[in-house]
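All residue numbers refer to positions in the sequence shown, counting from 1. These numbers were taken from a predicted model, which means no experiment stands behind them.
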Amino acid sequence: MQSPSLSTPVEAHVGERFWRKGPTDTLPPSDMTGNYMRHRPVPTEPVEGRKAWIIGGGIAGLAAAFYMIRDGGMKGEDITILDTLNITGGSLDGAGNAEDGYVVRGGREMNWNYDNFWDVFQDVQALELPEGYSVLDEYRLVNDNDPNWSKARLMHKQGQIRDFSTLGLSKSQQWEVIKLLLKRKEELDDVTIEEYFSPGFLETNFWYLWRSMFAFENWQSLLEVKLYMHRFLDAIDGLTDMSALVFPKYNQYDSFVVPLTRHLKEKGVQVRFDTRVRDLDFAESNGERTVTALRCRSGGQDDVITVGARDVVFALTGSMTEGTAYGDMNTVPVLARGNEEPGEDSDWTLWKNLAKRSPVFGRPEKFYGNVAGSMWESATLTCKPSPLVDRLKELSVNDPYSGKTVTGGIITFTDSNWVLSFTCNRQPHFPTQPDDVLVLWVYALLMDKEGNYVRKAMPACTGREILEELSYHLGIVDRIDEIAANTKVRTALMPYITAQFMPRAAGDRPHVVPEGCTNLALVGQFVETSNDIIFTMESSVRTARIGVYTLLGLPKVVPDISPTQYDIRNILKGARALNNNEPFPGERLLHRLLGHTYFAHILPPLPEKEESLAERAEAELHSLLGKGSQAVGAVSGWLDRVKAGLGGKAG
């Protein structure tokens, strides 16, 4: 991504070429992180008198405002956020009360190497800690004192815990994963998950853990699965028990949106609610496009906002939670969106109108045009003590009322027709939540299957019926009346919640700053970045940061994703995890070669004693090279000589 006024790229792409240090190459490499990357760039163009218009008040829009102020030197009063809702946060929601029931449409599983996200929140005042402490400080305090893990990640047979100690992959299924990691991204345009993986793979522990954690449907993008595997390679050995994750103290709205919104308002940023931007006016000349006006509807009236030639515009393309239909204990959500067209009164309207102008704006219909393929439903349970809470205590790492980790992430029922999951995060989940109330979150992936107990598809169910289905899978459905009397259920049916995962090809998603655009950046989950994944707060922040640095001409590279996927330690432990925690082919040979060297610590410990290593390593050679092969003796002798030369003893 080239800045309009810079010769160096703003968006890094380490996959393009081998990096080496030469006379003109600045340090560090573009996918490295650390304090050296914390510098504030000096703008190459003055920002005085420039204004910024941000369409969408979700995390991407808020991050854009943050970076324009912190790194761009723009005044907060020169930045205006426009949003269709009456509250900031977009998809990062959390609302309600104990009397009416709480509602959270979705949750966010966090990772320690979300480098852009934490770059923002290390400079935002904490929600509850004293002045001078950041949201990051607060987050570390919570997670360092309460590590996350799950003791009941997978369940089946009406309340029994299914063995999830390994990923459960056969040798051929392990090879399916390895081949996917080796494939080039360009090979996977419009390829679906079920077109690539074998039917048996899609029934393994690995896939139940993976699809439920990240919300993948079998008919969605294989490319995105590949990108996720690279992104979370460092966490694959913690995939089974979720020990690789970190979670906030409260829900995502209170934990992140409240402090960031407060930070921006204190800086003078203006927020205009009940405003839907439908289209943009451009001045076009010599292949360049400059936004000159925003066409919107505000407070029920049509309006035109003039954009100056030096002003900048940030626009959200599409929305995961647009068109959400709500239900409750006795009401079924009624979807107002068609399967193929969202209608004009939609958060997709702006992107649709942009795409009519030029192919550089992508193909939004690839994402909004199949609601049946992108929809799923969640339910938020507000619980007083009942047999459901008693059952929850049995499945929890700590007492649910202790303030510590409860289920440690979602628990998935592998024999559920809906692929049903539920979770209880640290409580209270809301700052003002009463002491005797717990908030649970439930979601399912398959919307066209009858339940195992309630013979309806989930979207046709009331909150009570969803509670019955959950109770059935927990083995307590015989206590449903007592459970229902002490539980409030609020449901959210979201037609586009995994629209970003729909099969796609090159050009379907626009770049952050589309070719030829001088003052427009596109942000959110439906834009193209070099190697990052989507459906994360990190990807939203990344797009905002790329846009700000590009449009304001800031001489700084937004780093590529963390290089942990290249760390030999992660590769080795990932190989061990894929091999169901058993030494992978060749691992004992590595131990025999490196076991008495400086690099011994990078190797996972072996299950057998060292004295049997030579024998097991030779057996491994036989399996790799074939019994009776002359190469076995030759390689074994070579290993002995190399080991002796490195200071180890042969044998």
Side-chain angles (χ1 to χ4, degrees), residues 49-62 64-65 68 74-93 95 105 253 257 261 264-265 267-284 289-326 334-338 341-357 361 364-365 368 494-496 517 519-524 526 544 547 551:
R50 303 181 78 175
K51 294 187 181 299
W53 302 94
I54 301 173
I55 303 166
I59 187 65
L62 298 175
M68 279 188 282
M74 191 174 268
K75 294 179 180 178
E77 54 263 35
D78 290 331
I79 302 171
T80 302
I81 297 173
L82 309 170
D83 201 284
T84 58
L85 303 176
N86 59 4
I87 191 171
T88 57
S91 297
L92 301 183
D93 62 351
R105 286 180 291 187
Y253 176 78
V257 176
T261 300
L264 296 176
K265 287 186 175 181
K267 299 290 185 182
V269 174
Q270 307 297 307
V271 183
R272 187 184 302 180
F273 294 119
D274 191 22
T275 301
R276 183 186 302 283
V277 178
R278 297 173 177 270
D279 204 355
L280 307 178
D281 288 350
F282 290 91
E284 300 189 25
R289 294 184 178 85
T290 302
V291 179
T292 58
L294 316 179
R295 295 195 170 271
C296 56
R297 189 165 181 80
S298 183
Q301 302 294 320
D302 290 336
D303 191 14
V304 177
I305 299 173
T306 300
V307 177
R310 297 182 65 249
D311 295 348
V312 291
V313 177
F314 296 81
L316 183 72
T317 56
S319 169
M320 299 182 302
T321 51
E322 201 278 331
T324 301
Y326 295 96
V334 179
L335 203 61
R337 294 289 178 258
E341 277 296 329
E344 285 304 305
D345 188 25
S346 161
D347 289 341
W348 295 91
T349 300
L350 175 59
W351 189 13
K352 288 172 61 178
N353 286 333
L354 289 176
K356 292 175 184 176
R357 296 178 179 272
F361 293 113
E365 66 277 5
Y368 69 66
M494 296 165 281
Y496 307 109
C517 291
N519 66 344
L520 172 65
L522 305 177
V523 298
F526 297 92
L551 295 188

Are Lys352 and Tyr368 in a cation-pi setup, meaning NZ or CZ lies under 6.0 angstrom from the ring centre and within 45 degrees of the ring axis?
yes
Exercise: identify the closest heavy-atom pair between Leu294 and Leu280
CD2-CD2, 3.3 Å
Carefully, step by step, assess Arg50 and Met74 under the rule side-chain contact (heavy atoms from CB on, under 4.5 Å).
CA-CA 8 Å; Arg50 303 181 78 175; Met74 191 174 268; 3.9 Å; yes
Check the pair Lys75, Lys267 against side-chain contact (heavy atoms from CB on, under 4.5 Å), reporting the backbone distance first and the verdict last.
CA-CA 8 Å; Lys75 294 179 180 178; Lys267 299 290 185 182; over 6 Å; no
Residue pair Val277 / Arg295, side-chain heavy-atom distance below 4.5 Å
no
Residue among Thr88, Val271, Val269 satisfying side chain to side chain contact (heavy atoms under 4.5 Å, CB included) with Thr261
Thr88
Would you please name every residue forming a side chain to side chain donor-acceptor pair (under 3.5 Å) with Arg276, sequence neighbours left out?
Asp345, Asp347
Separation of Cys296 SG from Gln301 CD (nearest 0.5 Å):
11.5 Å
Between Tyr253 and Leu92, does the side-chain contact (heavy atoms from CB on, under 4.5 Å) criterion hold? Intermediate values first, please.
CA-CA 5 Å; Tyr253 176 78; Leu92 301 183; 5.6 Å; no
Holding to side chain to side chain donor-acceptor pair (under 3.5 Å), I want the full list of residues that pass it with Asn86, two or more places apart in sequence or in another chain.
none
Do you know which two heavy atoms are closest between Ala65 and Ile81, and how far apart they sit?
CB-CD1, 4.5 Å
Can you list every pair that meets salt bridge (Lys or Arg N to Asp or Glu O under 4.0 Å) and has a residue in residues 300-324, with sequence neighbours left out?
Arg297-Asp302, Glu322-Arg337
Counting distance only, does the side-chain N/O of Glu284 pair as donor-acceptor with the main-chain N or O of Phe282 below 3.5 Å?
no
Could you measure the distance from the CG atom of Leu62 to the CG atom of Leu264? Nearest 0.5 Å is fine.
6.0 Å
Roughly how far, to the nearest 0.5 Å, is CG of Leu350 from CG of Leu522?
8.0 Å
Show every salt bridge (Lys or Arg N to Asp or Glu O under 4.0 Å) that has at least one partner inside residues 78-93, sequence neighbours left out.
Lys51-Asp78, Asp93-Arg105
For the OG1 atom of Thr84 and the CD1 atom of Ile55, what is their distance to the nearest 0.5 Å?
11.5 Å
Atom OG of Ser91 and atom CD1 of Ile59: how far apart are they, to the nearest 0.5 Å?
11.0 Å
Mind running side-chain contact (heavy atoms from CB on, under 4.5 Å) on Tyr326 and Val334 for me, showing each step along the way?
CA-CA 7 Å; Tyr326 295 96; Val334 179; over 6 Å; no
Can you list the residues that meet the side chain to side chain donor-acceptor pair (under 3.5 Å) rule with Thr317, with sequence neighbours excluded?
none
Checking Leu520, Val313, Val312 against Leu551 for side chain to side chain contact (heavy atoms under 4.5 Å, CB included), the one that qualifies is Val312
Would a 4.5 Å heavy-atom cut-off, applied to side chains only, mark Leu82 and Ile305 as touching?
yes
Taking every heavy atom of Pro342 against every heavy atom of Tyr496, the minimum-distance pair comes out as CB-OH, 3.1 Å
Heavy-atom pair with the smallest gap, counting every atom of Pro495 and Gly323:
CD-O, 3.5 Å
Are Val307 and Asn519 packed together at the side-chain level, in the sense that at least one heavy-atom pair is separated by less than 4.5 angstrom?
yes
With rounding to the nearest 0.5 angstrom, report the CZ to CG distance, Phe273 to Leu85.
8.5 Å
Check whether any side-chain heavy atom of Phe526 lies under 4.5 Å from a side-chain heavy atom of Trp351, and answer yes or no.
yes
Contact check, side chains of Gln270 and Lys265, non-hydrogen atoms, under 4.5 Å:
no
Of the non-hydrogen atoms in Ala60 and Ala544, which two are nearest, and what is the gap between them?
O-CB, 3.3 Å
Specify the closest pair of heavy atoms between Ala64 and Ile54, including all atoms of both residues, with the distance to one decimal.
CB-CD1, 4.1 Å
Using side chain to side chain donor-acceptor pair (under 3.5 Å) as the criterion, list what pairs up with Ser319, not counting sequence neighbours.
none
